[in-house]
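Here is how names work: the chains are called A, B, and so on, in the same order as the sequence lines, proteins then strands, and each is numbered from 1. Reckoned from all heavy atoms, side chains included, excluding hydrogens, waters and symmetry mates.
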Amino acid sequence: MTFALLAPAAGVGTAVTTFLTAFLLSLLLRRPWLYWPAFVVLWASGPIFAVSQAATGALVVPIAGGMIYFALIAAFIYRFGWLGNLVAATCLVWLGGTPLTTDTSAWYFGWGLAGAAVVLALGVYGFVTAVGGQRLFREGFFGDE
Amino acid sequence: MLYELFTGRRAFPGDRRDTPPSKPSSHVTGLSPAVERVVLRCLELDPANRPHSASEVLAALPGGDPLAAAVAAGETPSPQMVADAGEVGRISPRLGLVLLAALAGGLLLLAWLNSRVSLLGLAPVRQPPTEMARRARQLLADFGYPDPPADAAGHYYVDRPYLIRVAQRDPSPDRWRHLADGRPSAVYFFYRQSPEPMAATSISGEVPLIGRADPPPTRPGMATVLLDASGRLLELSVVPRNDDMRPRPGGSCDWGQLFRAAGLEFDPKTVIPDGDWVPPCAFDERVTVPGQLPDRPDVPTRVEAAAYGGRPVWFRLTVDGWVTGRAINLPTQFVISLLLAPLGILLAARNVRARRADWHGASCLTLFVLGNALLAWVIGGHHAPAVLGELEQAAAVVARYGLQAALLGLFYLALEPFVRRRWPWGQTAWNRLLAGRFRSPLVGRDVLAGLVFCVSLVLLSSAIKLGAEAVGLPPSLPTPAGPPTPHGPLPP
């Protein structure tokens, strides 16, 4: 539980690390076509050293999977910047500590549901704010002109 | 005024202002759509949707982008200028609904996939912590320690080093199948009780938690029990009390009860009196028992057990050379931050002197991290009715997260101005949030996008794992996803 409760603080740390890596690479390499691929390669090579699956000869999955994973993160940072990155990182830590399950008889089902509800509540806030007061349905959609 | 300036008419001819004004382009031809958007935004019925400052109006007018001008001139734009620049960020209700539905659907899909890729799915944890604590307490009573404790704590934990070891050694596609057996496994239940309130003060964990050595097991009567997810005994450690010196009726320790608690077969003929090891507590008898798991005869085991006054004080089951509960927690990121701190101080001082530093943003981030840690400790930490112990724990949280938050603030002061100068557009939503504009559509859009992106990433990660399994490659480490570990005082 403490792991999930600390998600915002841990998320800030993760987001700062990824964002600053991209920024420092941009300072070093200058060209976007150079520093974004460098960002992907740098992070995708992480699992090889961290989990050291080299002994099992199963490097294809962490490398290929890592490339796709971090290419998406690079594209997301490029498009949405710091706040989106911070929210995504915090959510990743939060879900990592949330026991989501469809097994309603499991004793931790309620914990998982509560964790998902927090994410959804934040999503509803994002939706309502992002729409900025626009009508969801055309006037008269429900025959109430 | 802008409306009148461009159209020659008043935006609201009468006194009523409850309907939006007609479009300026319906009165004049050739009006730039960008100008029309700005004029209409200034006349939004909801004040929250109007521009927040003159510089925001200027930024939105054609050719009036002060941020672009500042960046082009090589200047560092102020946080206010960054917040006012850029797009409104509003999305269409249809896109918003699609994203919200994707978020809800993604979470549901994730819950379903978790049974196949998460640790909870592969190593089922069927009993809640309260039941496991009851089991541990019952075992202690059976071993001759029936007195109710003054304080107790228990939680599940994940033995990640064991998972990594399996990933390194076993290349088979079904290398995680034994996680469900529970021995060896990756999920354990840890229980400690004491005749006095316990207070953890170590700052190596996320928050001070009762651990094997925190507080140190020095008080007579303290006991530690480690169970596998099925409730079988893996380890026992008791600090004997003075009363325990009196020999128990029946003489020597009944080693068989320990084996029964561990779900192992006990054959007195295999018992080796004595051993080449020393338990971490006083003892007057010790035995070593080699054997194998009942359901996996190919897996060798070794049991070390010790007793004092006829009561067991130590038990440890070692399976196939693997010792339970070893965990290495190296705060690498924290250490690197400390090493880089002098550079951060130099850069921060430079930015402060040049009046580029964003004190407001740095203090918000620092207080947020520290406040979050204190809240997590208050809700999820172990609390006992001991004022001094609580103060010590609070001090440990402030020490650990205060330093971490201060370092974060330092690096924010040091590096944020450079990011603001080079990538200001990526900072707009963040600076609007810091300015308290929680209803800015751009903030909402980025929050919603971040959440949808996060769920998509987790789903992608699960899909990669399942895809690897489908083609016969060894599956990667299971996703943690719990189990939840309440750390508060356990009910009697």
Side-chain angles (χ1 to χ4, degrees), chain A residues 1-3 5-6 8-9 12-13 16-17 20 23 26 51-53 55-58 60-62 65 68-69 72 76 80-85 87-88 91-92 95-103 107-108 111-112 116 119-120 122-136, chain B residues 46 49 90-91 93 96 100 103-104 107 110-112 114-115 120 128 164 167-168 171 206-207 333 365 369 372-373 376 379-380 408 415 419 426-427 429-430 433 439 441 443-451 453-454 457-458 460-461 464 468 473-474 476-477 480-487:
Chain A
M1 189 171 76
T2 41
F3 187 66
L5 283 171
L6 278 165
V12 169
V16 165
T17 312
L20 282 185
F23 180 69
S26 80
V51 181
S52 184
Q53 295 201 339
T56 63
V60 180
V61 175
I68 299 169
Y69 193 88
L72 288 173
F76 188 79
F80 289 96
W82 167 241
L83 182 62
N85 179 39
V87 172
C91 177
L92 272 175
L95 288 180
T98 302
L100 282 177
T101 179
T102 47
D103 178 7
W107 60 270
Y108 47 82
W111 292 83
V119 175
L120 265 182
L122 205 56
V124 168
Y125 157 76
F127 165 71
V128 171
T129 316
V131 166
Q134 295 173 78
R135 294 180 71 96
L136 284 186
Chain B
D46 184 354
N49 293 331
R90 200 180 295 169
I91 60 174
L100 199 59
L103 181 65
L107 286 170
L110 204 57
W112 180 70
N114 264 353
S115 63
L120 271 183
I164 292 174
Q168 288 170 337
E206 286 137 6
V207 293
Q333 208 174 12
L365 208 58
V369 170
N372 178 227
I379 298 173
L408 195 65
L415 294 171
V419 180
Q427 301 274 87
W430 171 246
L433 189 70
R439 292 182 64 193
V443 172
R445 186 202 71 177
D446 283 8
V447 167
L448 187 57
L451 295 173
F453 179 65
C454 159
L457 273 187
V458 183
L460 172 73
S461 174
I464 290 171
L473 288 170
S476 51
L477 289 177
T485 53
H487 298 291

Handout entry: Point-to-point distance, once rounded to the nearest 0.5 Å, from CG of A:Leu122 to CG of B:Leu103
Key = 9.0 Å
Handout entry: Interface residue of largest heavy-atom contact number with chain A, from B:Leu433, B:Val369, B:Leu100, B:Leu457, under 4.5 Å
Key = B:Leu457
Completion exercise
The reported gap from OH in A:Tyr108 to OG1 in A:Thr98 (rounded to nearest 0.5 angstrom) is 13.0 Å
Handout entry: Heavy-atom pairs under 4.5 Å with chain B, option from A:Ala116, A:Gly112, A:Gly81, A:Gly126 with the top count
Key = A:Gly126
Exercise for the section: For each of B:Arg445, B:Gln427, B:Arg439, tally heavy-atom pairs with chain A at distances under 4.5 Å, and name the one with the top tally. Expected result: B:Arg445
Completion exercise
Under 4.5 Å to a heavy atom of chain B? For A:Val124 that would be both
Practice task
Enter the distance from B:Asp446:CG to A:Phe80:CZ here, rounded to the nearest 0.5 Å.
Solution key: 6.5 Å
Exercise for the section: With the side chain counted from C-beta on, respond yes when B:Phe453 and A:Leu92 share a heavy-atom pair under 4.5 Å apart, and no when they do not. Expected result: no
Practice task
Sort out for me which of B:Gly426, B:Ala111, B:Ser115 touches chain A most, counting heavy-atom pairs under 4.5 Å.
Solution key: B:Ala111
Exercise for the section: Give, for atom CG of B:Leu107 and atom CG of A:Leu95, the distance between the pair rounded to the nearest 0.5 Å. Expected result: 6.5 Å
Exercise for the section: Kindly compute the distance separating CG (B:Leu365) from CG (B:Leu408), expressed to the nearest 0.5 Å. Expected result: 4.5 Å
Exercise for the section: Go through A:Ala9, A:Gly84, A:Ser26 and name the one with the most non-hydrogen pairs under 4.5 angstrom from chain B. Expected result: A:Ser26
Practice task
Measure distances from A:Val119 to the heavy atoms of chain B and classify the residue's part below 4.5 Å as side chain, backbone, both or neither.
Solution key: both
